[in-house]
Amino acid sequence: MRVSSPRMAALLLTGGRVVDPANRLDAKMDVLISEGKITAIGDDAAKKAPRSAERMAVNGLVVCPGLIDLHVHLREPGQTSKETLATGTAAAARGGFTSVVCMPNTSPAIDNAGTVALIHERAAQQGIVNVFVAGAISKNIAGEELAPIGGLKRAGVVAITDDGHCVQNNDLMRRACEYAKMFNLPVMDHCQDYSLVTDGVMHEGYWSTVLGLRGWPAAGEEVIVARNILLAELTGAKVHCQHLSAAGSVALLRAAKKRGVPISSEACPHHFTLTDAAVGGSEKFWATDGKTLNPQLSTLNVSREWPKYDTNFKMNPPLRSARDREAILEGLADGTIEILCSDHAPHCDYEKEVEFDYAPFGITGLETELALSLMQLVHAKRISLPDLIAKFTVNPARLLSLNKGTLNAGADADVTVFDPDAEWVFERAATASKSANSPFYGWKLKGRAVATIVGGKIVWTEKAEAVAA
Ligand SMILES: [Zn+2]
């Protein structure tokens, strides 16, 4: 007897440009999905499709493995006024993401097996994309005592990190690396040296002086990146540096990778699009560093205005200089930085609508990261489309040992369909996130998800959204 499933029996995607970097595939072909799996790809797909299969014509669109964002704050448990598993995964689906990894700096922190189980259970009930969990490195993310890493691994975490915070004690970090290696878990690190950064709120440089704001020096990140390289070398653990912002970090990682150190890193679109000049307001930004954006981005958005001290330009690590932005782009182009992600960090309006000094760090990003990455990297001709897709699929999947990120026959049918050339405006009213703290509202962007398919089920389409509106 067949049990009816919420999945469609079969779905045939026809005529799309299929890009699967794990298989070095980039060609126009069909993809057949059934029972939640990729069943056939290429000439076989149409032949094998049952007559009852739903057909979706995707001519002119890109069909790729479901995008993975390994750095997302879903704010559960305890901070559901900012985001929930339902709203966070809805924003992910809208951005073209089929899997996210949620960070453990919640309240309470995700530092024990019970809380991991709670997230898995709620995600199964309320989430519309796959939710993987990162556990904390230290108990309560206090940086003093290791969390039960073995227990977290058994509960199913895919990595450990104290993100939002950074373990300052080098011996504790060394021991975290040693345990993580035993359990084959990557150690992800938010690289911030507290003694150098103290209470800095923006990049230490020309603009922090002009604006009278306390500086967060690039060295505050670079020191910890160097520490992490040394500990990865010492312990053999997989160490991953999160949301790189500084040129020196890229140089350190490039040299370390040449020596074969098991270290990796990620970058977020805001760090390779904006600079610290943006904190001085739109007029200053467009008159200076805005000019050297991808010409499309600057031409389309030069009329976009924001005031000085806009807290939607406050994040941690902060927006840095044009030289740092260029170094991040170069690191992405030459493969030093393997992974793209958002650091989606929702906050309530009332929390952000305060003086710059007092606002929390962070911006939302799930719905804009694909477009900004396409614009700054692919449309700007810095990297190829398959290379971009690799940084959102197979590369994070390999780091986290996820059985995801490819379109192999038999793989889970997590598929993203997107239009790399679609022009659209990111509207505040349209965001699926519970929060609205993005610097990119009103921006004209190029490149957009058209359909997001998770385990064979279409969880979001542009068309359905347009009809609903
Ligand atoms: Zn962080």
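Keep in mind that the numbers below use all heavy atoms, side chains included, and drop hydrogens, waters and symmetry copies. We count ligands from 1, going down the list as the structure has it; atoms in each ligand are counted the same way.
In this structure, R320 satisfies the cation-pi test against W216, with its NZ or CZ atom closer than 6.0 Å to the six-membered ring centre and inside 45 degrees of the ring normal.
To the nearest 10 degrees, the Zn ion (ligand 1) sees OD1 of D163 and NE2 of H243 at an angle of 110°.
The closest approach of H190 to the Zn ion (ligand 1), by N/O/S atoms, is made by ND1.
Atom OH of Y179 has 12 or fewer heavy atoms from other residues, nucleotides or ligands within 6.0 Å.
No option in T288, D289, T292, D324 other than D289 meets the side-chain hydrogen bond (donor to acceptor under 3.5 Å, both in side chains) test with T275. When E83, H71, R75, E369 are each tested for a side-chain hydrogen bond (donor to acceptor under 3.5 Å, both in side chains) with H344, only one passes: E83.
At a threshold of 2.8 Å, the Zn ion (ligand 1) has no backbone or side-chain N, O or S atom of D343 nearer than that distance.
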